Amino acid sequence: MSPSSWSEGGAGRAPFTTHVIDIGDDEVVKRFRSWDRGEHLREWQALTLLAKHAPDLAPAPLSADLTSVPPYVRMSRIPGQPLDGQAVTPAHLDAVAAAIGQLHAAVPRDVVAGLRPQPWQEVGATSRIRSFAAGVRGPVGDGLLGAAFDAGMRWLGRAADPRPEPHSVVFGQGDGNLANYLWDGERVRLVDFEDSGRSDRAYELAAFAEHVSVWHDAGIETRPLLGRFELTRTESVRVFFFRRAFAFYWLVKLLEQRENRRDTLHRQAGRLLAVLDG
């Protein structure tokens, strides 16, 4: 496993990462390049919570210096290789669903209720996306991109985050990057919890399903993926809402690097239009 395996931004292989990983034989040290949102605190909180409530789902916390510059977290090294870059099979998806389900069910609700919300949940997903979209130059001279961007802006203009049902409030990872799912040949374990916190199950599932590393890079089909989770009717509606939000977010994100991933950008535009029309 290389250090880049645990770096954020796997979709698009962005040169900037939010952390640096040093991997030893038995342990991993994660040093944060940015921590203004409390990323280091969220990471340590997640590891300690999961060590208590879901042992062996994630690295075990070993030690941390949360006040140093930069802060770092030292954790055990868990077996497995990131699923990004692999040919994802139904067995992989079963294991992914099992890991996500275990994560969402492991931490007791009374404990989750006292946690800080996941960063996007803290400010509102649509509010966060509006702030991203406001700083991006819209496409000019490209009919597909223009249509998708305009449709996304119209949807965003009237969108408001739906409230979760009480039973749908979970401890969430807050990051759908497939690189954070490690397959050891039998099961999947999870890494990277710097965006974790109290979250909405529907939001978390949509964030995973719409991540570019999942549907584009790995070619994972959304229907059989989400079909592995039992959703109430209300949850299904909310998953679809957040899928629209994330589909537009990824279009905006890719527009920032439009010269690097033009094929991906056009496929994202088509996906957004399909999800909005759905």
Side-chain angles (χ1 to χ4, degrees), residues 39 41-61 78 80 82-83 88 90-122 124-125 161-184 186-211 213-215 220 222-243 245-246:
E39 292 93 332
L41 303 176
R42 292 178 182 275
E43 183 89 29
W44 184 248
Q45 172 184 260
L47 295 181
T48 54
L49 278 174
L50 295 177
K52 179 178 181 180
H53 298 291
D56 206 32
L57 179 63
I78 57 177
L83 278 176
V88 178
H92 290 139
L93 289 185
D94 289 342
V96 165
I100 293 175
Q102 184 182 3
L103 176 68
H104 291 173
V107 182
R109 290 182 187 173
D110 60 330
V111 176
V112 173
L115 300 178
R116 183 179 176 185
Q118 189 274 342
W120 280 42
Q121 294 285 295
E122 198 164 37
D161 288 20
R163 294 180 62 86
E165 297 170 309
H167 74 271
S168 297
V169 177
V170 299
F171 180 71
Q173 188 176 16
D175 187 346
N177 194 339
L178 199 59
N180 298 330
Y181 294 73
L182 306 189
W183 168 255
D184 69 358
E186 295 181 357
R187 61 171 296 187
V188 161
R189 294 177 177 85
L190 306 177
V191 297
D192 200 346
F193 293 92
E194 63 188 54
D195 284 326
S196 62
R198 187 176 77 246
S199 192
D200 176 1
R201 182 172 180 244
Y203 169 94
E204 294 289 327
L205 294 179
F208 183 76
E210 290 302 320
H211 200 286
S213 70
V214 172
W215 78 266
I220 297 173
T222 304
R223 187 181 297 275
L225 169 63
L226 294 179
R228 286 171 161 80
F229 300 91
E230 291 187 12
L231 301 173
T232 67
R233 183 179 298 274
T234 303
E235 280 182 315
S236 296
V237 171
R238 289 206 319 279
V239 168
F240 191 61
F241 174 91
F242 285 118
R243 283 188 59 208
F246 278 110

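Below, all heavy atoms of this structure are taken into account, side chains as well, without hydrogens, waters or symmetry copies. Every value quoted in this text rests on a predicted model; they were computed, and no experiment measured them.
Taking the six-membered ring where the residue is Trp, Phe193 and Phe171 present parallel rings, their angle staying beneath 30° rather than reaching 60°.
Taking CD1 from Ile78 and CG from Asp56, the interatomic distance works out to 8.0 Å, rounded to the nearest 0.5 Å. Between the NE2 atom of His167 and the OG1 atom of Thr234 there is a distance of 8.0 Å, given to the nearest 0.5 Å. Here the CZ atom belonging to Arg189 is positioned 13.0 Å from the CG atom belonging to Leu50, to the nearest 0.5 angstrom.
Checking each of Glu204, His104, Gln118 against Ser199 for a side chain to side chain donor-acceptor pair (under 3.5 Å) leaves exactly one that passes, namely Glu204. Remark: of the listed residues Arg198, Arg201, Arg109, Arg201 is the sole one forming a side chain to side chain contact (heavy atoms under 4.5 Å, CB included) with Val170.
Using modelled atom types, no side-chain atom of Glu235 and backbone atom of Pro164 make a donor-acceptor pair closer than 3.5 Å. In terms of modelled atom types and a separation under 3.5 Å, the side chain of Asp161 and the main chain of Ala125 share a donor-acceptor contact.
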Donor-acceptor list for residues 222-231 side chains, cut-off 3.5 Å, not counting sequence neighbours:
{"from": "Thr222", "atom 1": "OG1", "to": "Arg271", "atom 2": "NH2", "distance (Å)": "2.7"}
{"from": "Arg228", "atom 1": "NE", "to": "Asp94", "atom 2": "OD1", "distance (Å)": "2.7"}
{"from": "Arg228", "atom 1": "NH1", "to": "Pro224", "atom 2": "O", "distance (Å)": "2.9"}
{"from": "Arg228", "atom 1": "NH2", "to": "Pro90", "atom 2": "O", "distance (Å)": "3.4"}
{"from": "Arg228", "atom 1": "NH2", "to": "Asp94", "atom 2": "OD1", "distance (Å)": "3.2"}

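Looking at every heavy atom in both residues, Ala46 comes nearest to Ser196 through CB-OG, 3.6 Å. Taking each heavy atom of Asp192 and Gln173 in turn, the nearest pair found is O-NE2, 3.2 Å. Between Trp183 and Ala91, the shortest heavy-atom distance links the atoms CZ3-O, 4.2 Å. Annotation for Gln102 and Ala54: closest pair NE2-CB, 3.8 Å, computed over non-hydrogen atoms.
In this structure, Trp215 has its ring center no closer than 6.0 Å to that of Phe246.
Residues satisfying the salt bridge (charged side-chain N to carboxylate O under 4.0 Å, His left out) test with Glu122, not counting sequence neighbours, are Arg42, Arg116.
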